[in-house]
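What follows is one structure encoded as structure tokens, with my remarks underneath.
Starting from 1, each residue takes its place in the sequence as its number.
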Amino acid sequence: MTEGEKERLIRQYAAREITWHALRERGFEDYVEVLGALGELGLHPPVAPMDGPNIEARRRGRALLRAALEAQM
């Protein structure tokens, strides 16, 4: 895969146009590699929409993370 192809795929991933599964099918072997490529391009990993059957569990998890981060400050 060329650097241009890699960048295009990472940009598509950040825009939620393709999935992690699609990246693996196209040659990405490790999610750390994806995170590094996102960082190099100044992009963030896509965030799943806050809907569906697990929304309350996700909200509780986010609240726990916020509390843990605030406790560190």
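Other residues sharing the hydrophobic cluster of L65, ordered by chain and number and joined by side-chain separations under 4.5 Å: none, the residue standing alone.
Hydrophobic clustering, with ILVMFWY side chains joined whenever heavy atoms are under 4.5 angstrom apart, keeps L23 apart from V32. In the hydrophobic cluster analysis, where Ile, Leu, Val, Met, Phe, Trp and Tyr join through side-chain heavy atoms closer than 4.5 angstrom, L64 is grouped apart from L69.
By the side chain to side chain donor-acceptor pair (under 3.5 Å) test, E7 pairs with R11, sequence neighbours left out. For the salt bridge (Lys or Arg N to Asp or Glu O under 4.0 Å) test, no residue two or more places apart in sequence or in another chain qualifies with R62.
Side chains of V34 and L38 form a contact here, defined as non-hydrogen atoms less than 4.5 Å apart.
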Show me the donor-acceptor pairs, under 3.5 Å and distance only, between side chains in residues 40-61 and residues at least two apart or in other chains.
| from | atom 1 | to | atom 2 | distance (Å) |
| --- | --- | --- | --- | --- |
| E56 | OE2 | R59 | NH1 | 3.0 |
| R58 | NH1 | P49 | O | 2.8 |
| R58 | NH2 | A48 | O | 3.1 |

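Applying the ring-ring contact (aromatic ring centres under 6.0 Å, His included) test to pairs two or more places apart or on separate chains, those with a residue in residues 24-43 are W20-Y31. Sorted by first then second residue, the salt bridge (charged side-chain N to carboxylate O under 4.0 Å, His left out) pairs that include residues 12-39, not counting sequence neighbours, number zero.
The two residues L9 and I18 have their closest heavy-atom pair at O-CD1, 3.5 Å.
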